[in-house]
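Proteins come first, then strands; the chains are lettered A, B, ... in the order of their sequence lines, and each starts at number 1.
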Amino acid sequence: MPLDTSTYSLALLRLDGRRWNELRRIHAQISTQAAADGSSYLEMGNTKVICTVAGPAEGRTGGAARGGAGSEAKIEVEIGFAGFSGVDRKRRGRGDKRTAEMCHTLQTAFSSLLLTHLYPHSTISISIHILSQDGSVLAASINAATIALIDAGIPMSDYLVACTAASSPTTADDEVSDPLLDLNGLEEQELPFLTVGTVGGSERVSVLVMETRVRMERVEGMLAVGVQGCKRVKEILDGVVREYGKRAVR
Amino acid sequence: MTSLKRSFASDSSAPNLSNKVYVRSTKSGKVQKIVRELYLRQDIPCSSNLCSKCAQIAPTDYNNKVAPFVLSDTPAGTKAFPNGHYLVPDTNAFLTGMDLFEVETAFYDVIVLQIVLEEVKNRSLPLYHRLINLTKNEDKRFFVFFNEFRLETYVARDHGESINDRNDKAVRKAVQWYGEHLQEAVRARGKSLRCPSIVMISDDKENLRKAKAEKVPALSLSEYVSGLKDADLLLDMISAGREQRENKSGKGELFYPEYFSLSKMLTGVKAGTMHQGIFNVSPYNYLEGTVHVPAFDKSLLVLGRENSNRAVSGDVVVVEVLPKDQWKAPSTKIIEEETLNKNDNADAEDGETIVSERERRALQEEVKRVHGQSVEGRPQPTARVVGIIKRNWRQYVGHVDKDSVRSSSKSSRSQQTVFLVPMDKRIPKIRVRTRQAGELLGKRVLVTIDSWDRDSRYPVGHFVRSLGELESKGAETEALLLEFDVQYRPFPKTVLDCLPAEGHDWKVPKSLEDPGWKGRKDLRDLLVCSIDPPGCVDIDDALHARPLPNGNFEVGVHIADVSHFVKPNNAMDKEASMRGTTVYLVDKRIDMLPMLLGTDLCSLKPYVERYAFSVLWEITPEAEIISSQFTKSVIRSREAFSYEQAQIRIDDKSQNDDLTTGMRTLLLLSKKLRQQRMDAGALNLASPEVKVQTESETSDPVDVQTKKLLDTNSLVEEFMLLANISVAGKIYEAFPQTALLRRHAAPPKTNFEELGNQLKVKRGMEIRTESSKALADSLDTCVDAKEPFFNTLVRIMATRCMMSAEYFCSGTQAYPEFRHYGLASEIYTHFTSPIRRYADLEAHRQLAAAIDYEQLDPSLHSKAKLEAVCKNINVRHRNAQMAGRASIEYYVGQALKGRIIEEEGFVMKIFSNGFVVFVPRFGIESLIRLRDLGTPEPESEFDSENYVLNVTGSRNVKVELFQKVKVRISDEQEKSTGKRKIRLALL
Ligand SMILES: [Zn+2]
């Protein structure tokens with residue numbers, strides 16, 4: 001096995017050679033599936049995600065799932081993990097709690113971001129497939145969903161972009177800990193981290209999820225770095241969208 | 001549909017991205033393929049102070065700090081490298097020569113490559129940690145260069161190339177790059193600076209050959225060391241294993257069976273056909289080992305060299321149980337390595353057999369013994385070692401066997417192989433190759449075992465350093481500390497930096513508004529005093545008692561508030577947690593915390609104000625607890641008594657001040673508490689405690705006395721127990737999963753079988769063990785009207801049948817398992833000695849959080865972290881006790897040196913060729929062998945059922961268990977261990 005995160009302090013280098021404030025390579029494409037209303041493919045390092053958006057569509061017939069009640073569109077989110085996405089070949093069932101929580105996070109975040117009042121009695125469904133997991137899965141899902149929604153032409157107030165931030169392990173002698181940006185899978189297993197999502201790369205935080213314990217005084221640094229990271233993710237995604245727009249016009 | 005395949009165009013934006021793919025197999029046998037990204041970069045500095053270019057690209061951390069450059073601009077040189085040099089060792093260099101890299105006379109300016117660090121970690125975690133510690137040692141200037149992340153030094157693995165070859169290539173590449181980079185750097189500075197050479201150190205012949213071909217400066221470890229000043233001394237420190245293997249490969253004689261593969265063992269253990277446990281060697285018989293495994297009540301016996309198959313005491317082994325017809329009774333004979341294999345030649349490579357003829361005979365005699373009916377004689381399951389899960393080798397202290405040295409001339413520099421005899425009798429002799437045999441004779445030396453191959457009867461090791469002359473106080477004390485792994489170096493600066501800046505002038509703040517007073521009760525008006533052994537300077541605890549209007553009493557135990565000064569996770573806390581406990585030797589104390597805290601700021605000294613953590617109870621005159629309360633406080637102790645002074649003050653009828661009355665109240669209550677405890681079944685066990693009186697100037701031992709126990713001793717003890725129990729309840733209530741507690745398991749019935757049978761056969765007495773109460777009661781009945789000491793003797797022997805108490809984290813055990821058997825308490829912890837025990841400090845933190853005084857540090861929330869802490873302090877605690885005992889033993893030996901005394905003793909164990917006598921006056925026990933009784937060695941007849949040894953021949957005497965005997969005590973230097981030891985002779 002290679003080294004672990006405790007070697008960060010030796011040369012301020014992370015397990016994959018990045019510095020504390022560097023994102024992994026982000027690669028994104030939109031309109032990857034012609035059949036869908038909107039679609040995208042996004043890689044953050046080795047985390048690979050496909051997202052398709054259907055709708056807004058009039059509520060399906062029959063049953064309780066009849067569109068959004070009242071004057072706003074209802075947003076449905078579905079996340080599926082491919083059996084081969086992790087290191088172990090494992091099926092994550094539909095009833096998986098963590099998956100359900102991720103769906104819920106996306107749903108609430110986008111409900112307040114999309115201009116849902118424009119589409120009363122209808123449904124927008126976002127379907128995400130995780131092809132490969134290597135950390136920051138929730139963040140990647142949010143980013144992929146954002147550009148797929150743009151591809152679908154659904155009006156929204158601004159980009160919702162997300163990334164993760166962690167706190168590096170402290171060394172024996174000093175208390176100093178660096179916040180680390182955009183974790184890969186190994187770092188996620190070893191370090192306390194949070195996922196932060198901001199609107200339009202500004203400082204308006206709309207998603208904040210943290211499931212691990214961390215010293216209170218470190219949160220501020222993690223959050224600051226996370227918000228900075230979001231700003232950069234926004235620039236990259238914005239570039240992808242504009243590039244696609246240019247090509248579509250041509 | 002658009003292709004999802006990444007276009008090459010998008011890749012070109014990241015030319016410095018590479019993937020690392022590797023396959024690993026998990027414990028359960030699954031194979032996982034792991035793909036990891038690698039970001040290659042050009043801004044990783046070389047960290048040489050010669051280079052100004054790298055200084056500009058040095059990375060900054062979140063706080064904009066730049067790590068200082070490590071490598072010196074004027075590194076030391078050797079004859080071959082007059083311009084100075086930086087070393088780049090490869091993995092094997094570290095694996096075989098870690099001791100060398102740690103010496104203080106050489107090996108500075110070392111570049112540790114990432115790939116090497118990684119490989120060292122895979123091969124040996126302890127060595128990895130030592131290497132990491134070296135990189136943190138500023139004086140040694142070890143720099144970790146992340147060669148795998150630097151674009152120029154990254155090498156891809158060629159098709160068909162083995163991983164090892166690729167890694168060797170990476171090392172050479174890094175050496176090459178460093179060389180060119182430094183030359184450039186020196187040229188850039190323009191001045192006529194010397195450009196240091198970059199030297200690769202490797203023991204791999206192929207790698208060295210390739211390096212030569214590529215014109216990379218490279219040397220083998222021994223070649224390099226030969227060019228240094230104290231080459232002879234240093235050469236001995238290279239691990240022996242490798243070299244010797246090369247020497248011997250030719251002769252293929254294998255003495256020991258091969259170990260099973262790990263997977264075979266794991267499957268076997270899972271299936272129940274094999275068992276895993278810790279290998280222990282009997283202190284009386286080096287050929288008899290035991291392994292306790294869950295599947296068997298009694299420990300499995302491992303007899304003889306072949307069966308123990310290179311296991312060393314302390315190793316975690318896997319054993320296979322032998323067929324029932326090979327089950328044997330444990331030995332009743334003393335077998336010592338030194339007497340059997342005196343004449344083995346350390347150099348012998350031919351004609352060496354695994355079991356020497358004498359060993360075989362000694363064992364056969366054992367087997368011939370009729371399997372009697374007594375418990376001791378009943379055959380026990382035997383087993384053989386089939387593999388090792390984990391070696392527990394450490395550094396061993398010992399001395400060079402005089403007889404194994406070929407040429408003992410001090411000037412001889414020829415290399416020879418000698419035997420090193422470890423101080424610990426359970427460890428086999430170690431073969432060591434050295435060029436300084438002559439100089440090492442008569443010295444205490446430190447060695448490590450490197451390997452134990454199938455073709456070598458003894459393990460092979462290498463010499464680390466000499467501690468000094470045998471029997472000199474310095475060497476013996478250091479030997480003892482090393483043997484018990486006591487960290488005795490002075491506290492490093494990082495630790496001392498954590499102390500309050502005011503130093504000895506620190507005072508409890510005057511103003512009650514000061515943050516230090518927040519949440520503290522002002523208890524300065526209470527008449528508090530402390531009672532300790534005479535001369536005690538680290539006063540952990542103080543007490544008070546005063547009557548309440550309702551007729552009850554308020555009693556307070558005040559404990560030094562160490563957690564106020566030692567904050568979790570700082571350097572001082574880390575050091576204390578590693579040390580675990582203060583170690584008390586006869587003439588020396590090795591502190592857990594720096595002196596400033598232990599003996600001054602924390603110590604509850606009289607007449608000054610001190611921070612404390614107080615436990616306050618309301619207690620009825622019948623010693624029933626009405627309520628308890630915990631609070632941080634400030635106290636002012638009125639007096640520090642010794643046990644004796646306190647006793648005199650209490651007994652002095654003319655003293656009737658409030659302080660004395662308070663002490664009388666405490667004494668009265670403590671007696672009732674004690675009675676309650678005894679009624680509940682607490683055990684009153686005995687261990688021989690002696691005190692060595694030393695002349696204060698020279699600390700030479702003058703006399704030995706057994707310790708006296710006064711009422712005031714138990715006064716303090718009772719209230720400390722009470723405080724510990726109260727606190728244990730409180731922290732468990734607050735943190736049911738992570739409270740740090742102490743438990744004492746009930747001894748398994750089989751532990752008492754032997755003692756019970758001995759008492760039954762010899763005295764018609766009975767020991768009952770179904771509960772601690774029953775045991776306590778039955779121990780009370782074991783009295784001999786004519787011999788008052790008999791009861792104590794039985795208690796001493798009973799103590800040895802007990803389990804040892806241990807610290808644990810509450811979430812790891814079910815509540816019934818919390819029980820402290822010896823104290824007959826449901827729950828218990830250590831709270832009252834935070835200055836000298838780390839467990840107490842952690843309990844303080846948990847209690848402070850339980851009463852909402854402060855937030856609990858996350859490390860105390862984590863079960864895994866607490867478990868690690870418990871594991872360490874359990875070991876440290878045990879080692880400290882053993883070190884203390886060994887120190888007393890050494891000083892008793894010194895005190896009796898040259899004297900001959902006749903004393904009474906008691907026979908406490910009988911073998912077929914000797915017996916053990918305990919001398920109460922000095923608290924010593926020693927073996928009297930048959931051959932000590934007369935020459936020629938007398939004949940003996942051993943009646944194992946009645947524990948009688950009939951000696952006839954040159955001496956006619958009958959010895960039986962529990963018999964009172966007269967012995968002559970003299971001293972001798974024990975040949976096998978080099979220790980000065982008591983020698984007893986039967987009169
Ligand atoms: Zn440089």
Practice task
Determine whether more than 12 heavy atoms belonging to other residues, nucleotides or ligands lie under 6.0 Å from atom NZ of B/K173.
Solution key: no
Practice task
Can you measure from CZ (B/F149) to CZ (A/R14) and round to the nearest 0.5 angstrom?
Solution key: 10.5 Å
Completion exercise
Distance col, row A/N21:CG vs B/T60:OG1, nearest 0.5 angstrom, shows 7.5 Å
Handout entry: Which of B/I132, B/I44, B/D497 touches chain A most, by non-hydrogen pairs under 4.5 Å
Key = B/I44
Practice task
Say whether, by atom type as modelled, one donor and one acceptor occur between the side chain of A/D178 and the main chain of B/Y62 under 3.5 angstrom.
Solution key: yes
Problem - Atom of B/Y39, atom of A/R18 and distance for their closest heavy-atom approach - result: CD1-CG, 3.7 Å
Practice task
Using non-hydrogen atoms and a 4.5 Å limit, figure out which bit of A/R24 sits close to chain B: side chain, backbone, both or neither.
Solution key: both
Problem - Rounded distance [0.5 Å steps], CZ in B/R41 versus CD in A/E22 - result: 4.0 Å
Handout entry: Contact winner vs chain B - A/N184, A/T7, A/L180, A/L13, heavy-atom pairs under 4.5 Å
Key = A/L13
Completion exercise
Applying a strict 4.5 Å limit to non-hydrogen atoms, the region of B/F143 in contact with chain A is neither
Practice task
Side chain from CB out, backbone as N, CA, C, O: work out which of these in B/D857 comes under 4.5 Å of a heavy atom of chain A, or both, or neither.
Solution key: side chain
Problem - Heavy-atom neighbours of B/K567 NZ exceed 12 at 6.0 Å - result: yes
Completion exercise
For B/P59 and A/A11, the nearest pair of non-hydrogen atoms, with its separation, is CG-O, 4.3 Å
Problem - Over 12 foreign heavy atoms within 6.0 Å of CD, B/E854 - result: yes
Practice task
Counting only heavy atoms closer than 4.5 Å, note whether A/V214 contacts chain B via side chain, backbone, both or neither.
Solution key: neither
Exercise for the section: Check each atom of A/A35 against the heavy atoms of chain B and say whether the ones under 4.5 Å are side chain, backbone, both or neither. Expected result: neither
Handout entry: Atom CZ of B/R166 with >12 non-hydrogen neighbours under 6.0 angstrom
Key = yes
Fill in the blank from the handout: Cut-off 4.5 Å, heavy atoms of chain B, and the answer for A/R213 is side chain
Exercise for the section: Tell me, yes or no, whether the heavy-atom count around B/Q855 atom CD, taken from other residues, nucleotides or ligands under 6.0 Å, exceeds 12. Expected result: no
Exercise for the section: Give, for atom CD of B/E37 and atom CG of A/D16, the distance between the pair rounded to the nearest 0.5 Å. Expected result: 6.5 Å
Exercise for the section: For the residue pair B/L117 and A/L10, establish whether any side-chain heavy-atom pair is separated by less than 4.5 Å. Expected result: yes
Problem - Spacing of A/L15 atom CG and B/R36 atom CZ [to the nearest 0.5 Å] - result: 5.5 Å
Practice task
Give a yes or no on whether A/E203 atom CD has more than 12 heavy-atom contacts from other residues, nucleotides or ligands under 6.0 Å away.
Solution key: no
